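Keep in mind that what you see is a predicted model, and the values were worked out from it rather than measured. Below, chains carry the letters A, B, ... as their sequence lines are ordered, and counting in each starts from 1.
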Amino acid sequence: MATNKPDYDHLSSSGPKIPPMPWFGMDIGGTLTKLVYFEPCDNVATDDEVETLKTIRHYLTRNIKYGRTGIRDVFLQMNNQMLGGRTGSLHFIRFPTSEMMSFIELAKAKNFPNLADTICATGGGAYKFETDFKQEVNLELHKFDELDCLIKGIHYIDRNNLDCECYFWKNPGDPKLAEKTPFDFRDPYPYLVVNIGSGVSFLTVRGPSDYKRVSGTSLGGGTFLGLCCLLTGCETFEEAINLAADGDSTKVDKLVKDIYGGDYTSSKFKLPGDIVASSFGQMNLKDKRELASREDIAKATLTTITNNVGSIARMCAVTEKIERVVFVGNFLRVNTISMKLLAYAMEFWSNGSMKALFLEHEGYFGAMGCLMEYIRSGHHLNGLPNGSR
Amino acid sequence: MTAKSYARSINLPTENAFKNLQTARRFAIDVGGSLAKLAYTATVHRKTSLVSEESDDDGSLYQVSDTDETIVRLHFVKFETKFIESCLDFIQQQSDATKSPLREKCIKVTGGGGYKYTDLIQEKLGVQVDREDEISCLINGCNFLLKNIPDEVFTYQRHENPEYKFQAVDMNVFPYLLVNIGSGVSFIKVESEDKFERISGTATGGGTFWGLGSLLTKAKTFDDLLNLAEKGDHRNVDMLVKDIYGGAYSTIGLKGDIIASSFGKAARSPRTPSQSEEHNFKEEDLARSLLLSISNDIGQLACLYAKLHSLKKIYFGGYFIRGHPLTMHTITFAINYWTKGEIQPMFLRHEGYLGAIGAFLKGATEEDADKYSWEENFAGSSGLAHPKPSRQVLSTTDSEFDKLEFDRLEKNLLPCPLLLDGDSYLPDTVDLTQDTLAREYWLQCFKDSIEKQEEQAIKSQSTVDGAEKRAGQFKHKYLDRLETLERNPCAYGSLNVRGLLDMRSHCLKEFNFTDPYSQQKQFENEQALKHLPKRLKDLDALDNTEERTFALARGLLAGNVFDWGAKEVAAIMEKGDFNFEDAESKLQDRPWLMDNYDDWMKKRSCSKNYKCCVIFCDNSGADIILGVIPFARDLLKTGTKVILCANSKPTLNDVTFQELSIILRFVSLICPVIGKALSEGKLVAMASGQGSPCLDLS
């Protein structure tokens with residue numbers, strides 16, 4: 001039970017310090033906005049709270065879809081959580097950042113703004129949309145650093161998800177034998193976090209709050225989706241992933257054997273013939289372009305981005321002398337292809353010394369961390385100038 | 001093997017493309033996916049002048065006669081791989097015609113495309129194909145260039161002046177990281193001549209740029225794609241940090257204009273209607289975004305590998321680079337970004353030939369490339385202005401081909417051991433790549449003097465057939481080179497007056513004018529020698545040491561007044577009123593432009609005499625005989641040993657080692673001081689190993 005656990009995150013009740021309901025954490029990324037909502041179920045609410053929670057329950061926790069594009073990931077819901085002295089459930093909701101203005105309209109329509117005067121946000125959008133929140137719905141956006149939130153969120157969710165948050169892929173190279181397997185991540189340090197959102201950040205984590213961003217790349221989930229939209233005409237991430245699932249990237253890529261007729265062997269080293277020598281390497285030829293389907297191209301895009309992230313992750317891990325690499329971010333959502341590829345690449349290129357790990361709540365850690373910061377900041381937040389912590 | 005599929009209905013290349021095939025040996029070929037590079041060595045026979053001391057009735061000092069000279073030259077020719085069959089046919093035709101080439105039983109073949117063409121090469125040339133490992137050829141070739149060719153290496157900064165910064169030959173070549181960006185990318189760590197390792201690779205390379213670019217745009221070729229990228233703006237396609245944050249993400253130091261997500265803006269947002277959206281993105285912007293994402297990615301990996309292996313030098317090469325300013329710019333940007341400016345990526349002028357050079361060297365160990373010095377032949381080599389092979393690669397003019405030629409020097413040249421710091425030594429004082437005004441001035445000077453050079457060349461071979469035609473060819477070639485330099489001053493490395501003179505000399509030799517001034521020099525030497533007794537007598541008449549020393553110094557300068565070009569000097573001499581004092585009177589009063597006479601005088605008078613003095617000689621005639629020799633004689637008198645250094649090979653009116661030796665013997669008949677010093681070894685003539693009008697001690 002959560003109640004018996006030590007208070008790692010300093011989130012226990014401390015009387016008047018607890019902030020007023022509702023408790024939200026929001027992470028506004030380049031592509032997706034992630035929202036974590038804590039719904040208390042402990043029947044200790046005050047009258048004011050009851051009204052507030054009723055309004056929210058009426059819309060937010062009764063539905064699983066909001067507007068055209070908002071979705072609540074019900075399977076990620078965490079019940080019986082104890083936060084700030086309250087017991088309740090954590091709900092995980094997402095919608096495209098491009099829909100932010102309709103989200104604000106919706107919030108207005110549902111009378112949410114009257115329930116609070118501050119909302120906590122992290123991610124770049126916390127800065128970008130600050131004035132919109134203020135002008136449209138008179139909400140103060142209280143901003144927290146996204147990497148701080150990410151690391152805190154990972155630690156909280158990993159410790160409190162009773163169904164086991166962390167897993168790895170057994171036999172990732174074999175489509176038939178590949179198997180998602182729980183991983184005991186209780187003693188995590190040091191580890192490398194690879195957060196694949198629109199872009200990618202690489203962070204070393206050596207202690208609960210000891211982390212450092214060591215690198216980044218602009219070739220991330222946004223690149224995958226952007227290129228797929230341009231190349232296949234698809235419209236959503238899910239569609240792109242589904243296309244990729246049916247594709248064959250060898251019709252698009254140039255393999256070592258396409259150049260050398262087989263393996264490349266020399267006295268110095270050897271490259272197997274079926275390794276990709278050049279991503280999209282056949283697409284400069286008209287006849288090959290005509291033979292490649294939308295699915296093949298989506299698959300090639302996915303593998304190119306994934307392998308590249310894998311290479312940089314591996315190099316960062318080697319340089320930092322770290323063996324466990326945790327991949328998070330919404331790029332991995334419904335994307336077992338990439339997860340298996342990453343798992344296989346890490347294992348293969350490190351001769352088994354490195355392990356790729358994954359977390360169930362893929363993209364929600366920043367939002368979770370943000371919610372935690374809100375609770376921790378307590379009542380003080382409302383009186384403090386924006387941005388200070 | 002479907003050999004027919006390579007055939008094109010094109011004309012065979014002319015002899016200009018594959019020069020000197022009659023004497024060609026040791027073929028090697030590097031067949032890349034797009035470009036093939038053929039390498040071979042050939043001997044070039046040409047006339048040069050020989051000075052000999054045969055006694056003659058006409059009273060001349062020495063005789064100038066023709067002699068044969070054989071130059072060993074390495075040839076490299078680049079052409080598009082799809083023309084390989086025509087090129088092989090041409091080589092075969094030539095060999096049938098002259099019954100000489102391909103004496104070897106095998107040809108070295110390397111490169112990724114090599115295996116596809118093995119049968120074709122074997123069948124066409126009737127030789128055994130000997131495959132060589134691609135990466136080891138690459139490294140071999142790279143080491144050869146790094147060790148032999150000045151200004152081979154450069155850094156590139158797009159918005160600086162000059163954009164190209166060239167580096168002298170580095171004595172400490174190793175270790176380095178070579179990043180070869182072909183269709184894929186190889187990262188190779190090189191620790192010594194034989195020790196190298198491909199530490200990694202990535203599939204996101206030139207092929208990705210071309211392939212994805214072909215899907216995203218209508219560009220037909222790699223270079224079309226680059227041209228599109230040149231005009232594009234990635235900010236319309238990429239999601240920048242400021243697109244997410246509204247500004248910078250300052251807590252971790254990410255500036256607002258850093259790319260957060262390449263192609264991030266192309267990710268369709270569900271709200272906007274589909275279909276129409278594709279048309280919102282311009283091909284130019286997509287190409288630019290693609291180029292940046294790939295360059296940044298390769299740069300990032302290169303930096304990670306360099307850091308992991310503690311490598312400070314990173315060289316970039318491969319089809320993706322090919323001297324294209326834009327790709328060099330994006331790679332440089334990426335490396336500067338990832339290393340916070342600590343590492344400057346370096347590029348090679350001849351990176352396209354690395355594999356071919358390496359393969360050639362592997363097949364020619366007996367060529368002893370290591371034992372000789374090699375010189376880039378500017379007459380035969382295309383400059384950087386030809387980054388891409390022309391579409392009409394097999395047309396009739398040789399300028400369509402990208403070529404590279406190295407001449408083997410007779411000896412292995414070493415830097416002058418007296419140089420204090422070889423690494424920081426720069427032989428030239430004015431960098432014409434940087435100084436636009438000086439460049440325009442000098443290029444114009446050389447253009448203006450072409451006619452005179454042409455005339456001189458014809459005159460020097462007035463009795464030889466075809467001299468006029470060849471002189472015309474020289475003029476055409478040199479003008480072409482000067483025009484290339486006007487377009488890209490960095491086409492042949494750092495641009496300086498020395499290089500322009502060397503280039504002219506190479507062009508003259510290319511058309512068999514090895515020593516157009518030989519008779520002129522002979523005439524001037526004879527005239528000057530006649531004036532030597534009086535000159536010495538006048539100097540000896542000066543009792544006051546200070547006065548005499550000053551007269552000697554003025555003499556050194558006055559000798560150079562005769563370096564006006566042969567025409568004026570000849571006119572004066574022919575009029576018979578040749579007078580060294582006249583030349584002296586034309587000298588400016590002190591202080592001279594560069595004047596350290598007082599310092600030198602002070603040193604001379606208060607310290608002990610010099611043990612040894614090295615004088616690098618310049619012009620024939622009055623300069624050497626009436627200026628330098630009296631000066632040397634004065635030093636000899638004070639017990640100083642004197643070494644007179646002269647060029648090994650003729651250039652302009654500079655005195656050569658051969659000529660100097662003869663002059664000294666005649667001078668010793670006139671002057672006993674010189675005669676004694678010569679016989680006692682106190683006065684020595686030395687050959688500098690060079691053939692350039694300007695001094696380069698490195």
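Contact of Ile135(B) with chain A is made through backbone and side chain together, with heavy-atom distances under 4.5 Å. For chain A, the nearby part of Leu308(B) is the side chain; its heavy atoms alone come within less than 4.5 Å. With a 4.5 Å cut-off on non-hydrogen atoms, Tyr264(A) touches chain B through its side chain but not through its backbone.
Taken to the nearest 0.5 Å, the OG atom of Ser218(A) stands 9.0 Å off from the NE2 atom of His234(B). One distance of note links OH of Tyr260(A) with NZ of Lys116(B); it measures 11.5 Å at 0.5 Å rounding. Rounded to the nearest 0.5 angstrom, Phe263(B) CZ and Leu225(A) CG are separated by 12.5 Å. Between Ile252(B) atom CD1 and Ser201(A) atom OG the span is 5.5 Å, to the nearest 0.5 Å. Put simply, OG1 on Thr232(A) and CG on Leu215(B) are 11.0 Å apart, with the number rounded to the nearest 0.5 Å. The distance from the OG atom of Ser289(B) to the CG atom of Leu230(A) is 9.0 Å, given to the nearest 0.5 Å.
Closest approach of Tyr305(B) and Met315(A) over heavy atoms only: CE2-SD, 3.0 Å. Closest of all the heavy-atom pairs between Ile244(B) and Gly29(A) is CG2-C, 4.3 Å. In plain terms, the two heavy atoms of Thr31(A) and Met239(B) that are nearest each other are OG1-CE, 4.4 Å. Summarising the geometry of Gly246(B) relative to Lys128(A), their closest heavy-atom pair is N-CB, 4.0 Å, with the distance given to 0.1 Å. Contact record, Tyr127(A) with Tyr245(B): CB-O, 3.1 Å, taken as the closest heavy-atom pair.
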* From CA spacing to verdict: side-chain hydrogen bond (donor to acceptor under 3.5 Å, both in side chains), Ser261(B), Ser198(A) -> CA-CA 5 Å; Ser261(B) 177; Ser198(A) 316; 5.0 Å; no
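Legend: residues meeting salt bridge (charged side-chain N to carboxylate O under 4.0 Å, His left out) with Glu193(B), ordered by chain and number and at least two apart, are Lys147(B).
Taking Leu216(B), Asp238(B), Thr251(B) one by one and counting their heavy-atom pairs under 4.5 Å with chain A, the maximum is reached by Leu216(B). Ranked by heavy-atom pairs under 4.5 Å with chain A, the first of Ser262(B), Gly207(B), Gly211(B) is Ser262(B). With respect to chain B, the highest number of heavy-atom pairs below 4.5 Å among Ser215(A), Cys228(A), Ala292(A) belongs to Ser215(A). Across Thr97(A), Leu147(A), Asp253(A), the residue that shares the most heavy-atom pairs under 4.5 angstrom with chain B is Leu147(A). Counting heavy-atom pairs under 4.5 Å between each of Lys242(B), Glu134(B), Lys307(B) and chain A puts Glu134(B) at the top. Here Ile312(A) is the residue among Val200(A), Ile275(A), Thr319(A), Ile312(A) with the most heavy-atom pairs under 4.5 Å with chain B. Interface remark: of the candidates Ser278(A), Gly222(A), Gly199(A), Ser278(A) forms the most heavy-atom pairs closer than 4.5 Å to chain B. When Val276(A), Val252(A), Thr217(A), Leu219(A) are compared by the number of non-hydrogen pairs under 4.5 Å with chain B, Leu219(A) comes out ahead. Top candidate by heavy-atom pairs under 4.5 Å with chain B, chosen from Gly216(A), Gly281(A), Gly125(A), is Gly216(A). Contact count versus chain A (heavy atoms, under 4.5 Å) is highest, among Ser214(B), Gly206(B), Gly201(B), for Ser214(B).
Contacts with chain B (heavy atom to heavy atom, under 4.5 Å) involve these residues of residues 282-289 of chain A, listed by number: Met283(A), Asn284(A), Arg289(A). Residues of residues 296-304 of chain B having a heavy atom under 4.5 Å from any heavy atom of chain A, listed by number: Asp297(B), Gln300(B), Leu301(B), Leu304(B). Proximity to chain B at a heavy-atom threshold of 4.5 Å picks out Thr304(A), Asn308(A), Ser311(A) from residues 300-311 of chain A, in numerical order.
The 12-atom threshold is not exceeded at NZ of Lys212(A), counting heavy atoms of other residues, nucleotides or ligands nearer than 6.0 Å.
With a 4.5 Å cut-off on side-chain heavy atoms, Thr208(B) and Lys254(A) do not count as touching. When side chains are defined from C-beta on, Leu231(A) counts as touching Leu212(B), because their heavy atoms get closer than 4.5 Å.
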